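Structure, as structure tokens:
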Protein chains: 2
Amino acid sequence: MDTSFADITDRSMEMGANWLSRAQVRPTRQRLSLASLLVGDGCDRHVTAEGLFMAAKEKGESVSLATVYNTLRAFCDAGLMTEITVDGQKSYFDTCTDDHPHFFWEDSQELSDAPSAELEIARLPKAPEGAEISRVDVIIRVRRS
Amino acid sequence: MDTSFADITDRSMEMGANWLSRAQVRPTRQRLSLASLLVGDGCDRHVTAEGLFMAAKEKGESVSLATVYNTLRAFCDAGLMTEITVDGQKSYFDTCTDDHPHFFWEDSQELSDAPSAELEIARLPKAPEGAEISRVDVIIRVRRS
DNA sequence: TTAAGTGCAAATTATTTGCAGTAAG
DNA sequence: CTTACTGCAAATAATTTGCACTTAA
């Protein structure tokens with residue numbers, strides 16, 4: 001599981017605060033908690049709303065589930081995160097906003113980064129006339145063998 | 001809109017019936033209706049449950065929404081269709097079961113085929129050890145320009 | 001002080017399920 | 001006949017929203 005989140009420390013709170021201020025997102029208490037869980041140790045994360053909510057609860061942070069949803073949405077709007085849709089059930093939110101491929105583990109329903117450097121798209125269908133490509137999502141579905 | 005479905009004719013019903021029997025799916029009245037709307041003219045289609053349900057209603061076929069859901073699921077289980085997840089909101093079902101790329105129209109939320117021949121993936125990240133790749137989904141998000 | 005953020009609980013949306021009735025093999 | 005399919009309505013699951021309250025700027 002991507003159950004591991006950054007610990008809440010002065011350092012992680014500071015990193016969270018920087019992250020928020022870079023995008024001019026108002027640093028409320030709950031946003032600081034969530035931000036520090038997400039980026040407090042500099043690692044990229046792929047989380048679901050529910051997962052982040054539970055992590056916050058475990059670390060003793062008080063945030064409501066609705067706020068977690070609203071906050072993740074706000075982080076995406078601010079360009080701090082990207083939403084990734086994979087299985088139609090839940091949304092995943094990625095702290096890394098670069099366009100990069102993902103592994104989706106069908107057994108555990110987890111999402112993780114695939115090395116961008118190892119993906120090479122030699123040719124891509126051109127957008128139909130009157131349209132432009134806004135993003136290309138590549139999801140590599142894997143299963144335990 | 002992918003609102004156009006095949007008309008219900010003897011010919012389309014027959015094609016639908018063949019399609020079902022190829023996969024050994026029991027040809028009930030509602031399955032035949034839906035099958036002939038979907039593949040009755042030999043075209044590939046990308047539908048949502050709701051969309052197919054409305055199309056059936058418009059053509060005077062009587063099917064319940066729950067049955068449309070169950071039927072699409074049954075068609076997927078039988079290998080006749082594939083489910084494609086794109087936006088987390090609704091599921092799309094594709095009558096073409098080959099692994100091929102899609103265009104997703106962000107404005108209208110429609111899904112269409114992208115020419116497979118124009119996609120060339122020169123290198124793909126290898127599956128992490130202990131895992132094997134089951135499928136690679138490529139969604140090219142486009143928007144009206 | 002004031003617009004923006006938060007927490008509930010209630011509302012929505014997409015989809016599934018239970019169960020009694022209906023039809024295919 | 002017998003098992004699978006269908007329809008409806010009720011159940012779920014993920015997410016959003018309305019509204020009174022709190023807080024950052």
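Each chain gets a letter, A, B and so on, in the order the sequences are listed, and its residues count up from 1. Atom set for the values below is all heavy atoms of this structure, side chains included, hydrogens, waters and symmetry mates excluded. Source: prediction; values computed, not measured.
Residues A:Asn70 and A:Val25 each lie close to DNA chain D; by heavy-atom proximity, the contact nearer the 5' end of the strand is made by A:Asn70.
For the pair B:Thr71 and D:dC5, the criterion of a side-chain N or O lying under 4.0 Å from OP1 or OP2 is not met. The shortest distance between the side-chain N/O atoms of B:Thr67 and the OP1/OP2 oxygens of D:dG7 is below 4.0 Å. For the pair A:Tyr69 and D:dT16, the criterion of a side-chain N or O lying under 4.0 Å from OP1 or OP2 is not met. Put simply, A:Thr48 has no side-chain N or O that comes within less than 4.0 Å of OP1 or OP2 on D:dA14. In terms of phosphate contacts, A:Thr28 brings a side-chain nitrogen or oxygen within less than 4.0 Å of OP1 or OP2 of C:dT6. Between B:Arg29 and D:dT6, a side-chain N or O to OP1/OP2 separation shorter than 4.0 Å is absent. OP1 or OP2 of D:dG7 has at least one side-chain nitrogen or oxygen of B:Gln30 nearer than 4.0 Å. For the pair A:Arg31 and C:dT6, the criterion of a side-chain N or O lying under 4.0 Å from OP1 or OP2 is met.
What separates CG of B:Leu65 from C1' of D:dG7 is a distance of 11 Å, to the nearest Å. Atom P of nucleotide D:dT15 and atom CG of A:Leu52 are separated by 12 Å, given to the nearest angstrom. Across the protein-nucleic acid pair, B:Phe53 atom CZ and C:dA14 atom C1' stand 14 Å apart, rounded to whole Å. Regarding A:Leu72, its CG atom lies at a distance of 17 Å from the C1' atom of D:dT17, rounded to whole Å. Separating the CG atom of A:Asp77 from the P atom of C:dA4 is a distance of 14 Å, rounded to the nearest angstrom. For the pair B:Asp87 CG and D:dA14 P, the interatomic distance rounds to 16 Å; values are reported in whole Å. Separating the CD atom of A:Glu83 from the C1' atom of D:dT16 is a distance of 13 Å, rounded to the nearest angstrom. What separates CD of B:Gln24 from C1' of C:dA24 is a distance of 15 Å, to the nearest Å.
Side-chain proximity of A:Ser64 to C:dG7, D:dA14, C:dT16: nearest is C:dG7. Closest contact between the side chain of A:Arg26 and the listed nucleotides D:dC8, C:dA14, D:dA25 involves D:dA25. Of the candidates D:dT17, C:dA14, C:dG7, C:dG7 carries the atom nearest the A:Val63 side chain, counting heavy atoms from C-beta on.
By the neighbour-count criterion of 12 heavy atoms within 6.0 Å, atom CG of A:Asp107 is densely surrounded, having more than that number from other residues, nucleotides or ligands.
No contact: B:Thr85 has no heavy atom under 4.0 Å from any strand. As judged by a 4.0 angstrom heavy-atom cut-off over every strand, A:Gln89 is placed among residues touching the sugar-phosphate backbone only.
Taking 4.0 Å as the cut-off between side-chain N and carboxylate O, B:Asp41 and B:Arg45 count as a salt-bridged pair.
No option in B:Leu34, B:Val25, B:Leu52, B:Val63 other than B:Leu34 meets the side-chain contact (heavy atoms from CB on, under 4.5 Å) test with B:Thr71.
B:Met15 and B:Phe93 are assigned to two separate hydrophobic clusters, defined by single-linkage of ILVMFWY side chains at heavy-atom distances under 4.5 Å.
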Under the criterion side chain to side chain donor-acceptor pair (under 3.5 Å), I'd like the reasoning laid out for A:Thr48 against A:Glu50: C-alpha separation, chi angles, the key distance, then a yes or no. CA-CA 5 Å; A:Thr48 61; A:Glu50 191 71 40; over 6 Å; no
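No side-chain N or O of A:Thr67 forms a donor-acceptor pair with one of A:Gln30 less than 3.5 Å apart.
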